[in-house]
Chemist: 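Starting off with a structure, shown below.
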Amino acid sequence: MSEKNLRICEKGHKYYKSSDCPTCPVCEAQNKPKSGFLSLISAPARRALENAGITTLEKLAKQSEKDILKLHGIGKTAIPKLREALKAENLSFTNS
Ligand SMILES: [Zn+2]
């Protein structure tokens, strides 16, 4: 039988967990990128986009595929994933 214990994370969020898992669900949710598209691609590609200030799908949609491919760290495999993420929000890369 597992008992639910009240835990408080280092940021002060209160949550109940029955396991020994120390992960706070509030912090976990906050750590995830809002759109989630950055979690779909590899770490180097993610850093390339973050360094270029492209942290949202809206910003990504203002770029062309060519522009994105020019970024150091972006591989060709990242493009289809980004395209899918844009499509899911009814967005797309610019054609210019
Ligand atoms: Zn927390």
Side-chain angles (χ1 to χ4, degrees):
M1 209 177 109
S2 63
E3 233 175 87
K4 291 210 170 196
N5 297 316
L6 175 64
R7 295 174 187 218
I8 300 171
C9 84
E10 56 185 14
K11 284 183 183 169
H13 305 128
K14 291 176 186 166
Y15 61 102
Y16 289 94
K17 277 259 169 157
S18 54
S19 70
D20 290 331
C21 175
T23 313
C24 163
V26 178
C27 289
E28 218 173 323
Q30 284 176 352
N31 286 339
K32 277 185 186 163
K34 203 176 173 187
S35 58
F37 80 101
L38 287 172
S39 61
L40 302 172
I41 55 177
S42 67
R46 187 166 60 241
R47 274 197 296 274
L49 289 176
E50 284 171 349
N51 287 340
I54 303 164
T55 51
T56 66
L57 283 172
E58 285 75 17
K59 285 177 184 169
L60 184 64
K62 292 191 174 112
Q63 311 291 320
S64 69
E65 289 188 20
K66 272 187 195 169
D67 290 334
I68 295 300
L69 276 170
K70 276 185 213 158
L71 297 173
H72 183 73
I74 298 280
K76 281 202 155 68
T77 55
I79 295 297
K81 290 174 187 169
L82 293 172
R83 204 186 287 139
E84 279 298 307
L86 286 167
K87 205 176 152 193
E89 296 292 319
N90 288 320
L91 296 166
S92 65
F93 285 114
T94 61
N95 293 319
S96 56

Chemist: To check you understand the geometry: which heavy-atom pair defines the closest contact between R46 and L38, and what is its length?
Modeler: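 Smallest heavy-atom distance, with atoms named: CD-O, 3.0 Å.
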Chemist: Would you name the heavy atoms of I74 and A48 that are closest together and state the gap between them?
Modeler: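 Smallest interatomic distance, heavy atoms only, reads CG1-CB, 3.9 Å.
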Chemist: Considering only heavy atoms from C-beta outward, does the side chain of I68 approach that of L60 to under 4.5 Å?
Modeler: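 They are in side-chain contact.
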Chemist: If you measure from CD on E58 to OG1 on T56, what distance do you get to the nearest 0.5 Å?
Modeler: 4.5 Å
Chemist: Going through the checks in order, is the side-chain contact (heavy atoms from CB on, under 4.5 Å) test met by L82 and L40?
Modeler: CA-CA 8 Å; L82 293 172; L40 302 172; over 6 Å; no
Chemist: Taking the side chain as every heavy atom from C-beta outward, state whether L86 and F93 have any pair of such atoms under 4.5 Å apart.
Modeler: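 Yes - at least one pair of side-chain heavy atoms lies under 4.5 Å apart.
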Chemist: To the closest 0.5 Å, what do you measure between OG1 (T55) and CD (E50)?
Modeler: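 Between atom OG1 of T55 and atom CD of E50 there are 7.5 Å.
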Chemist: If a pair satisfies side chain to side chain donor-acceptor pair (under 3.5 Å) and one of its residues is in residues 74-84, list it, with sequence neighbours excluded.
Modeler: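 Passing the test, one end in residues 74-84: E65-R83.
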Chemist: Answer yes or no: is there a donor N or O on one side and an acceptor on the other, between the side chain of S64 and the main chain of N95, under 3.5 Å?
Modeler: no
Chemist: What pair of heavy atoms forms the shortest contact from Y15 to T23, and how long is it?
Modeler: CE1-O, 3.6 Å
Chemist: Locate the shortest heavy-atom distance separating A61 from T94; write the atom from each residue and the value.
Modeler: O-CG2, 3.1 Å
Chemist: Quick one: are K11 and C24 in side-chain contact, heavy atoms under 4.5 Å?
Modeler: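 No; the side chains remain at least 4.5 Å from each other.
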Chemist: Using the side chain to side chain contact (heavy atoms under 4.5 Å, CB included) criterion, which residues pair with S92? Sequence neighbours excluded.
Modeler: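 S92 satisfies side chain to side chain contact (heavy atoms under 4.5 Å, CB included) with no other residue.
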Chemist: Rounded to the nearest 0.5 Å, how far does CG of L69 lie from CD of Q63?
Modeler: 12.0 Å
Chemist: Which value, rounded to the nearest 0.5 Å, describes the distance between I54 atom CD1 and K59 atom NZ?
Modeler: 9.0 Å
